[in-house]
Amino acid sequence: MTVTDERFEKMKPFNGGMAAKIPSRALPPGPRWPSLLQSIALVRFRHQFVPAMHRRHGDVFTVRIMPKGSALVLFTRPEQAKEIFAGDPEVFHAGKGNAILGPIMGEHSLLLQDSTEHKRARKLLMPAFNGAALRGYQSVVTKLAKEEVARWQPGRPFRSLDRMNALTLEVILRVVFGVTDESRLAELRPLVNKTVDINPAVLLGWGYPFLQRFGPWKATVDNQRALDRVMYAEIAERRAAGDLHERTDVLSQLLTVGADGEAPMSDAELRDQLVTLLLAGHETTATALSWALYELGRDRAQLARAQRAADAGDDGYLEAVLKESMRLHPVIPMVVRHLMKPVTIGGVDLPAGTNIGPSILIAHSREDNYPSAEQFRPERFLEGHVAPNTWIPFGGGVRRCIGAGFSLMEGVAVLREVLVRYDVALPAGALDSPKVRNITSVPKRGARIVVQAR
Ligand code: HEM
């Protein structure tokens with residue numbers, strides 16, 4: 001039996017992960033609608049629903065979500081976010097909230113682990129995301145970005161989200177997986193594209209073995225098996241490669257680290273972490289970049305300022321452009337923790353079993369955190385006025401996004417290549433707004449832009 005067969009054997013139907021029914025009187029106020037309606041509102045219409053609940057119920061409120069009407073208490077103030085991020089990881093679990101992704105990411109995934117397993121995985125992965133490692137990735141990212149923007153056709157409007165998705169996927173394949181062989185890249189691209197195109201209905205259903213023989217479930221399982229085959233082949237070849245220490249990609253580094261006293265990663269662990277990095281790092285970064293291009297395309301003065309920075313090699317300003325785009329258009333709306341014991345946050349007593357989290361959407365749009373919050377003003381991040389725990393697109397604490405530095409490095413490199421080459425504008429009728437795609441919020445019309453050679 002292969003490792004993949006074992007993985008499929010072990011799968012169980014999704015049971016709501018961390019669901020627990022807590023009586024309403026024990027929790028902060030919230031809507032009294034049926035939990036199905038609240039779930040739909042939270043998942044599909046979060047950009048209207050969450051601000052409306054904040055206006056109506058105040059800084060802390062409870063929503064009830066499917067499948068068991070479990071409670072999710074959302075916090076909106078920076079001091080509350082601080083308490084949550086600093087919470088004891090043995091009490092504030094994060095992995096359970098992501099259980100639905102288990103079939104794709106695998107049981108070892110950093111996103112799904114808690115406690116000792118999470119600590120071990122994080123320790124082994126961290127060196128590949130530190131400052132020195134990030135500097136090592138820069139030249140390949142810049143080369144891929146240059147090749148991508150050289151193909152753009154001046155004067156012809158296009159969906160920047162699609163181009164950014166193609167680019168960030170290429171970055172993952174080459175910089176994270178470290179694949180250089182053209183035929184292997186050609187083999188991987190369609191498999192990886194299908195893997196990232198997650199369908200929640202498939203995720204919910206595919207723990208039932210009989211479903212795996214039909215329609216979209218069969219297609220997903222077949223694709224997973226094919227992807228695993230290629231990934232394990234790549235891992236085996238890389239283990240045997242004599243030049244691992246000279247390679248700068250993430251996989252090669254993960255193969256060389258055995259953090260103090262920790263056993264090195266098994267093939268199954270490596271596979272799970274690579275798929276996790278792919279799913280967590282690809283569309284998120286592409287979305288942030290497409291919003292940045294969209295905002296620059298809307299505002300000639302901001303575009304000129306960013307172009308001057310790109311020409312002068314002022315990466316600090318380009319980073320501020322990205323940070324402000326992520327503030328104004330959070331890619332992920334909230335961070336969730338599952339309480340293993342009763343705790344008090346911001347003076348609110350919460351029983352064990354409650355799901356809680358800071359709302360990124362509200363933190364980024366509060367006027368007391370960001371005056372004229374509706375405006376795109378990258379200067380905010382230069383003036384040094386951004387208070388702690390008000391800018392939280394990457395979450396925080398021991399679970400803070402491990403790829404935060406990676407995505408900023410990648411984003412700056414891509415913006416630089418676009419801006420030194422092109423003027424960016426919005427085509428007529430291209431005003432955009434966020435729409436929910438699975439967990440992330442993406443520009444509804446794909447953040448359409450039009451470029452002209454400078
Ligand atoms: C704009 C881009 C990105 C955004 C907005 C983003 C956002 C997030 C957020 C909100 C979390 C949860 C943090 C928490 O629970 O406190 C997270 C976790 C994570 N992200 Fe990202 N992310 C981005 C890019 C990336 C990239 C490029 C990678 C990898 C190459 C990555 C890998 C991960 C992983 C592995 C975790 C789980 C960390 C853990 O549980 O210890 N992300 N990300």
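Positions are given from 1, in the same order as the sequence printed here. Just the heavy atoms: all of them, side chains too, but no hydrogens, waters or symmetry mates, feed the values below. Start at 1 and go down the list; that is how both ligands and their atoms are numbered.
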Q) Considering the options D59, V335, I356, which one meets the side chain to side chain contact (heavy atoms under 4.5 Å, CB included) requirement together with F75? A) I356

Q) Could R298 and F376 be counted as a cation-pi pair, given that NZ or CZ must be under 6.0 Å from the ring centre and within 45° of the axis? A) no

(Q) Using a 4.0 Å cut-off to any heavy atom of H118, which atoms of ligand 1 qualify? (A) 39 (C), 40 (O), 41 (O)

**Q.** Presence of salt bridge, R120 and E269, under 4.0 angstrom
**A.** yes

Q) Does a side-chain N-to-carboxylate-O contact under 4.0 Å join E147 and K143? A) yes

Q | S115-E90 side chain donor-acceptor pair, cut-off 3.5 Å | A | yes

Q) Can you list the ligand 1 atoms lying under 4.0 Å from a non-hydrogen atom of L111? A) 37 (C)

Q: Could you point out which residue of I172, V171, L277 forms a side chain to side chain contact (heavy atoms under 4.5 Å, CB included) with F406?
A: V171

(Q) Out of all atoms in ligand 1, which are within 4.0 Å of some heavy atom of V335? Include the element for each. (A) 14 (C), 15 (O), 16 (O)

Q. Is the distance between the ring centroids of W391 and Y370 less than 6.0 Å?
A. no

Q | Enumerated ligand 1 atoms positioned under 4.0 Å from heavy atoms of P393 | A | 5 (C), 7 (C), 10 (C)

Q. Atom 15 (O) of ligand 1: which protein heavy atom is closest, and how many Å away?
A. R337 NH1, 2.8 Å

Q: Measure the distance from atom 34 (C) of ligand 1 to every protein heavy atom, then report the residue, atom name and distance (to 0.1 Å) of the closest one.
A: I402 CG2, 3.8 Å

Q) For atom 26 (C) of ligand 1, what's the nearest protein heavy atom and its distance? A) G281 CA, 3.3 Å

Q. How would you list, by chain and number, every residue that makes a salt bridge (charged side-chain N to carboxylate O under 4.0 Å, His left out) with E383, sequence neighbours excluded?
A. R377

Q | Selected option - heavy-atom contact closest to atom 25 (C) of ligand 1, from G411, P333, S407, C401 | A | C401

Q) Taking only heavy atoms of R122, which atoms of ligand 1 are found under 4.0 Å from at least one of them? A) 38 (C), 39 (C), 41 (O)

**Q.** Protein heavy-atom partner closest to atom 12 (C) of ligand 1 - residue, atom, separation in Å
**A.** R399 O, 4.2 Å

Q | Check ion pair R247-D243 (N to O, under 4.0 angstrom) | A | yes

Q.
Regarding atom 23 (C) of ligand 1: of the candidates T284, I84, I332, which has the closest heavy atom?
A. T284

**Q.** Among A280, G357, G397, closest by any non-hydrogen atom to atom 33 (C) of ligand 1
**A.** A280

**Q.** Contact with ligand 1 for G396, non-hydrogen, under 4.0 angstrom
**A.** yes

(Q) Is there a side-chain contact between R337 and F85 in this structure, where contact means two heavy atoms from C-beta onward sitting under 4.5 Å apart? (A) yes

Q.
Could you tell me if S109 and D272 have a donor-acceptor pair between their side chains, going purely by distance under 3.5 Å?
A. no

(Q) I'd like to know whether ligand 1 has E410 as a neighbour, heavy-atom separation below 4.0 Å. (A) no

Q: Write out the residue and atom name of the closest protein heavy atom to atom 6 (C) of ligand 1, then the distance separating them to 0.1 Å.
A: F394 CD2, 3.6 Å

Q) Quick one: which ligand 1 atoms are inside 4.0 Å of a heavy atom on M326? A) 1 (C)

Q. Any idea which protein heavy atom is nearest atom 30 (C) of ligand 1, and the distance to it?
A. F129 CE2, 3.9 Å

Q: Return the residue, atom name and 0.1 Å-rounded distance of the protein heavy atom closest to atom 29 (C) of ligand 1.
A: L277 CD2, 3.8 Å

